[in-house]
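Each chain gets a letter, A, B and so on, in the order the sequences are listed, and its residues count up from 1. Predicted model, so just to flag it, every value in this text is computed and none were measured.
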Amino acid sequence: MCRCHRAGLTRETRRMSTEQIETTYDAHAMEAKWLPVWEELQPFRADDEAVRTGEKQKRYALTMFPYPSGDLHMGHAEVTALHDVIARYWWLRGFEVMNPMGWDSFGLPAENAAIRNDEHPATYTYGNIDTQAASFKKFGISFDWSRRLHTSDPEYYRWTQWLFLKFAERGLAYQKYSPVNWCPNDQTVLANEQVVDGRCERCGAEVTKRELNQWYFKITDYAQELLDDLDGLASTWPDRVVTAQRNWIGRSEGAHVDFTLHLADRSDRVVTVYTTRPDTLYGATFMVVAADAGLAAEIVAPERREAFEAYLAQTRKASDIDRMSTERPKTGVDLGVTATNPVSGEQVPVWASDYVLADYGTGAIMAVPAHDQRDLDFARAMGLPVRRVIDTGEENPETSGVATTGDGSYVSSGVLDGLTDKQAGIATIVDRLESEGTGTRAVNFRLRDWLLSRQRYWGCPIPIIHCESCGAVPVPEDQLPVTLPDMRGADLKPKGVSPLATATDWVNVDCPRCGAAAKRDTDTMDTFVDSSWYFLRYCSPNDGTQVFDPELTNAWMPADIYVGGVEHAVLHLLYARFFAKVLADMGLLEVREPFAAQLNQGVVINEGKKMSKSLGNGVSLGEQLAEFGVDAVRLTLVFAGPPEDDIDWADMSPAGSLRFLQRAWRLAGDVTSAVGTPADQGDTALRKVTHRTLHEAAGLIESHRFNVVVARTMELVNATRKAIDSGCGGADPAVREAVEAVAILLSLVAPYTAEDMWERLGHAPTVARAGWPEVDESLLVEDVVTCVVQVKGKVRGRLEVSPDISEADLQAAALADPGVQRALNGAQVRKVIVRAPKLVNIVPA
RNA sequence: GCCCCCAUAGCCCAAUCGGCAGAGGCAGCCGACUUAAAAUCGGUCCAGUCAGGGUUCGAGUCCCUGUGGGGGCACCA
């Protein structure tokens with residue numbers, strides 16, 4: 001089918017006279033007509049003053065800013081179309097709305113493109129940004145473009161660096177020399193979060209380990225608060241995001257228990273283990289320390305050292321993908337030392353294994369093989385003893401090979417014997433440990449500190465200078481930003497060190513403290529640092545003197561809605577929450593939670609599958625826009641279903657959306673009453689539909705059921721059409737009222753069509769700022785309602801009654817209904833349930 | 001393995017509190033307009049809510065079990 005035909009751009013249209021054009025819907029002509037008008041009017045520029053002074057109530061509509069990879073695609077279209085419904089609704093409701101847009105413009109793809117094309121990463125980055133910005137404008141999203149920012153601009157990353165230094169001052173940024181995830185393909189370290197199933201999240205290569213000196217943010221200091229504050233978000237954030245964050249933080253309660261190790265040189269050393277089951281302490285038949293934790297190498301007996309070193313070397317070689325296989329048999333090595341169990345006094349052997357993680361808990365565990373499957377597997381592999389201390393009535397784990405973790409009665413457990421309750425068991429044993437000074441209650445988190453160093457060029461330089469005598473010295477604030485040296489093409493090829501290390505003129509500087517020759521830190525920051533505070537910068541994007549203007553930021557924050565992909569459920573959202581809390585502690589921010597509510601859109605798929613180049617099933621946004629126009633595509637995305645559901649484009653009908661828009665648009669041409677005609681004397685039936693629709697739409701938008709708003713608008717269009725053709729006629733003022741309501745409702749989703757209707761109705765632009773029509777409450781009440789009369793739950797009659805009928809009257813009327821009498825067939829009435837005015841249910845004896 | 005979410009017509013989806021299962025759209029079918037077709041307009045068919053059990057006067061909605069699908073965590077002691 002001819003594309004221009006579908007979008008209403010027929011050959012006939014082009015030949016028509018001006019007069020005729022006005023009766024033909026032409027999506028592309030409307031886009032060309034209205035875009036420059038909006039550019040001129042700037043109707044969505046947020047007024048800081050009105051909000052700062054409290055003159056107007058604010059709403060902050062935030063959508064996750066994109067990475068500039070090529071042009072916009074269906075996913076961008078969906079998220080912004082949904083988001084725009086909310087932002088435009090708030091404007092109509094009279095709020096001062098801030099709806100900013102920017103770009104998360106540091107990152108690896110630009111660097112890879114620069115190497116490929118022998119150019120500067122900025123070329124790719126800013127070229128794509130310009131393309132996307134133009135597309136967003138054409139897509140009619142109500143962004144306030146005066147707040148546009150890019151994280152790769154020195155004016156922005158200057159403040160990213162400043163924040164890093166403030167975090168360091170507070171002890172929240174620190175260096176650690178430790179094994180890190182290393183992607184051999186991208187030649188860079190990866191955060192734990194970027195490792196998925198042992199592979200690099202980006203390129204899929206198997207991740208290995210490397211020892212590097214890295215910067216970390218101490219997010220673990222905020223683990224408890226990050227967890228606790230989720231409770232307050234549970235009602236306005238999607239369940240799965242809250243759950244994912246809880247899982248990620250991974251709080252567990254247990255105890256620290258001290259075991260005394262007896263080393264080969266006859267010295268003793270206390271090692272603390274973390275356990276969630278201190279009540280099983282009597283069943284601890286050996287100890288295991290993480291092979292790579294340092295402790296193992298320190299305590300290993302001389303005659304076991306060779307075997308240990310061999311094992312450690314083998315462990316280090318194994319990639320995470322091997323380590324994470326659950327089927328993998330347990331391996332380990334006896335360290336040749338013993339430890340004393342603090343409650344039983346028993347001597348138990350100490351082993352090293354890779355199944356104990358160095359960076360969780362204390363890196364050492366007490367092994368209770370009878371009641372922990374991992375320990376049992378290890379014990380059976382190594383021939384270590386198994387002792388049951390809780391009798392659950394199941395087969396003894398020693399013979400079954402299945403550890404029991406349920407409740408039962410304690411056996412062989414000293415003071416615990418006879419108890420059957422796990423909580424009581426834990427309390428009893430911990431009390432004893434605490435009184436004897438050999439243990440304490442303890443809480444542990446799965447959450448690790450945030451590794452932020454990256455050995456890449458296209459990122460925010462870490463503002464630190466390494467001096468031999470002074471150590472890591474912060475770059476003085478007045479020397480910020482530390483800008484990136486000019487590097488391009490082959491300069492950026494991965495060499496195992498950061499590309500910045502090869503920029504000698506840039507690297508070699510004098511130490512700001514002692515003046516001696518020193519070197520800049522050559523790593524750049526994880527781009528999640530850039531995106532952890534951009535929503536704060538939007539509030540005063542051009543302030544050259546401070547990270548943000550606290551007064552303005554506190555006036556706008558928190559974001560009242562944050563719309564974006566669920567793929568950021570953990571990382572970005574957790575980091576941004578962390579930043580907000582630190583900034584609050586710094587006294588710069590009043591709120592401790594940055595995003596009051598959240599909406600996660602689904603993804604756009606095609607024919608049941610994710611769109612991808614390899615599958616060849618991609619749907620081009622550009623082609624869809626050319627074929628159906630902006631409004632029809634936006635309407636399709638919003639109408640498809642609940643915002644959080646995935647959209648299968650193959651199930652959608654943009655042609656149907658276009659047809660509806662044309663129907664709605666044509667209504668405007670049938671209104672013959674003058675602009676400003678009051679609707680009071682208009683047709684009541686139509687007015688009721690209009691007012692009920694507006695009333696309902698408001699609630700539906702607030703609960704994010706945008707697809708239903710569209711359906712209600714369709715009903716209103718249908719009712720108006722009927723009124724014009726076979727009812728009160730186009731001259732009735734109720735018709736004008738209805739069509740104006742349609743234009744206003746449509747402006748949320750189909751701004752071009754709505755604007756054109758608004759003009760045809762005799763108004764000046766823009767409909768987007770026309771205001772939400774006042775709903776006449778008296779038109780919401782029905783004068784007659786249909787009451788259903790049931791007998792034993794089955795409908796046996798209907799009554800037309802007044803909405804304020806009394807229960808007694810309704811019951812009488814219901815019992816008198818002939819259909820009901822027939823159904824009762826003379827039976828005695830046992831009970832009558834009356835729900836005036838809608839339902840009566842009669843229960844016969 | 002543990003935790004969370006979902007399942008309504010051929011398809012996409014509605015159904016504030018437990019109260020007539022159907023608002024809207026797509027597709028289909030019939031009709032009007034047309035020489036004809038497209039477009040447009042009007043009309044219309046279609047499920048008893050994944051399965052089984054429970055609570056209730058009454059269950060798509062609440063509870064339990066199972067099936068199917070989606071997601072999170074996973075050698076985290």
>> I'd like to check the side-chain hydrogen bond (donor to acceptor under 3.5 Å, both in side chains) partners of Gln790(A); sequence neighbours left out, ordered by chain and number.
In response: none
> For residues 240-259 of chain A, which residue pairs qualify under salt bridge (charged side-chain N to carboxylate O under 4.0 Å, His left out), counting only residues two or more places apart or in two chains?
Replying inline: Asp231(A)-Arg246(A), Arg251(A)-Glu253(A)
> Looking only at atom P, what distance separates G58(B) and G53(B), rounded to whole Å?
Replying inline: 16 Å
> Tell me: CD of Glu607(A) to P of C11(B), nearest whole Å?
Replying inline: 17 Å
>> I'd like the P distance from C3(B) over to A9(B), given in whole Å.
In response: 30 Å
Atom pairs, N/O to N/O, protein against nucleotides 55-63 of chain B, distance under 3.5 Å?
unit_1: C57(B); atom_1: O2; unit_2: Asn841(A); atom_2: ND2; d: 2.2

> Under a 3.5 Å cut-off for both distances, is A7(B) Watson-Crick or wobble paired, and to whom?
Replying inline: U67(B)
> When you match Gly361(A) and Thr243(A) each to their closest nucleotide on RNA chain B, which lands nearer the 5' end?
Replying inline: Thr243(A)
> P atom, G72(B) versus C12(B): distance in rounded Å?
Replying inline: 23 Å
> Choosing from C4(B), C20(B), G72(B), which nucleotide comes nearest the side chain of Arg798(A)?
Replying inline: C20(B)
>> Checking one value: the base orientation of G68(B), syn if chi is within 90 degrees of 0, otherwise anti.
In response: anti
> Within this structure, what is the CH2-to-C1' distance between Trp248(A) and C73(B), rounded to whole angstrom?
Replying inline: 9 Å
>> Rounding to an integer number of Å, can you tell me how far Ile605(A) CD1 sits from G69(B) C1'?
In response: 12 Å
> Rounded to the nearest Å, what distance is computed from the CZ atom of residue Arg251(A) to the C1' atom of nucleotide C73(B)?
Replying inline: 18 Å
> Using the glycosidic torsion, which applies to C41(B): syn (within 90° of 0) or anti (everything else)?
Replying inline: anti
> In the 5'-to-3' direction, what one-character label does each nucleotide of nucleotides 40-45 of chain B receive under the scheme B = base within less than 4.0 Å of a protein heavy atom, S = sugar-phosphate only, - = no such atom?
Replying inline: SSSS--
>> With a 3.5 Å limit on both atom pairs, tell me what C2(B) is paired to, counting Watson-Crick and G-U wobble, or say none.
In response: G72(B)
> Does any pair with a residue in residues 835-845 of chain A pass salt bridge (charged side-chain N to carboxylate O under 4.0 Å, His left out), and if so which ones, sequence neighbours excluded?
Replying inline: none
>> From CD1 of Ile365(A) over to C1' of C75(B), roughly how many Å is that when rounded to an integer?
In response: 9 Å
> To the nearest Å, how far apart are Asp239(A) CG and C73(B) C1'?
Replying inline: 16 Å
>> Could you identify the nucleotide paired to G31(B), looking across every strand shown and requiring Watson-Crick or G-U wobble geometry with both distances under 3.5 Å?
In response: C41(B)
> Should Asp670(A) and Arg666(A) count as an ion pair when the cut-off is N to O under 4.0 Å?
Replying inline: no
>> Do Trp649(A) and Gln624(A) pair up side chain to side chain, a donor and an acceptor below 3.5 Å, judged on atom types alone?
In response: yes
> Roughly how far, to the nearest 0.5 Å, is the CG atom of Leu716(A) from the OG1 atom of Thr690(A)?
Replying inline: 5.0 Å
>> Between A21(B) and G48(B), how many Å separate the two C1' atoms, rounded to a whole number?
In response: 7 Å
> Hey, does the side-chain of Arg446(A) have a donor or acceptor N/O within less than 3.5 Å of a partner on the base of C73(B)?
Replying inline: no
> Excluding sequence neighbours, so at least two apart, what forms salt bridge (Lys or Arg N to Asp or Glu O under 4.0 Å) with Lys422(A)?
Replying inline: none
> Can you tell me how far the CG atom of Leu748(A) sits from the CZ atom of Phe706(A), to the nearest 0.5 Å?
Replying inline: 9.0 Å
> Does Tyr360(A) make a side-chain N or O approach to OP1 or OP2 of A77(B) shorter than 4.0 Å?
Replying inline: yes
> When the C1' atoms of A77(B) and G70(B) are considered, how many whole Å apart are they?
Replying inline: 30 Å
>> Can you check the distance between U61(B) and C75(B), where both ends of the measurement are the P atom (answer in whole Å)?
In response: 38 Å
> With sequence neighbours excluded, what pairs up with Trp351(A) under the ring-ring contact (aromatic ring centres under 6.0 Å, His included) test?
Replying inline: Phe378(A)
Might you list the N or O atoms of the protein lying below 3.5 Å from N or O atoms in nucleotides 12-14 of chain B, with each pair's distance?
unit_1: C12(B); atom_1: O2'; unit_2: Ala640(A); atom_2: O; d: 2.9
unit_1: C13(B); atom_1: O3'; unit_2: Asn707(A); atom_2: ND2; d: 3.4
unit_1: A14(B); atom_1: OP1; unit_2: Asn707(A); atom_2: ND2; d: 3.3

> Taking only residues two or more places apart in sequence, or in another chain, which ones meet Arg388(A) in a side-chain hydrogen bond (donor to acceptor under 3.5 Å, both in side chains)?
Replying inline: none
>> Output the rounded distance in Å from CG (Leu295(A)) to P (A77(B)).
In response: 20 Å
> What integer number of Å spans the C1' atoms of C45(B) and C11(B)?
Replying inline: 15 Å
> Hey, does Ser252(A) reach any base, or is it just sugar-phosphate, or nothing, if we go heavy atoms under 4.0 Å?
Replying inline: sugar-phosphate
>> So, using salt bridge (Lys or Arg N to Asp or Glu O under 4.0 Å) as the criterion, who are the partners of Asp648(A) when residues are at least two apart?
In response: none
> What does A14(B) pair with, Watson-Crick or G-U, if both distances are under 3.5 Å?
Replying inline: none
> Tell me, which pairs form a side chain to side chain donor-acceptor pair (under 3.5 Å) where one or both residues lie in residues 703-713 of chain A, sequence neighbours left out?
Replying inline: Glu696(A)-Arg712(A), Ser703(A)-Arg705(A), Arg712(A)-Glu715(A)
>> Using whole Å, what does the distance between atom C1' of nucleotide G19(B) and atom CG of Leu810(A) come to?
In response: 13 Å
> Does a sphere of radius 6.0 Å around CD in Gln828(A) hold more than 12 heavy atoms from other residues, nucleotides or ligands, not counting ones at 6.0 Å or beyond?
Replying inline: no
> Excluding sequence neighbours, so at least two apart, what forms side-chain hydrogen bond (donor to acceptor under 3.5 Å, both in side chains) with Thr331(A)?
Replying inline: Tyr311(A)
> Between A38(B) and C5(B), how far is it from one P atom to the other, in whole Å?
Replying inline: 49 Å
>> Is it the case that the base of C75(B) and the side chain of Lys330(A) share a donor-acceptor contact (distance under 3.5 Å, atom types as modelled)?
In response: yes
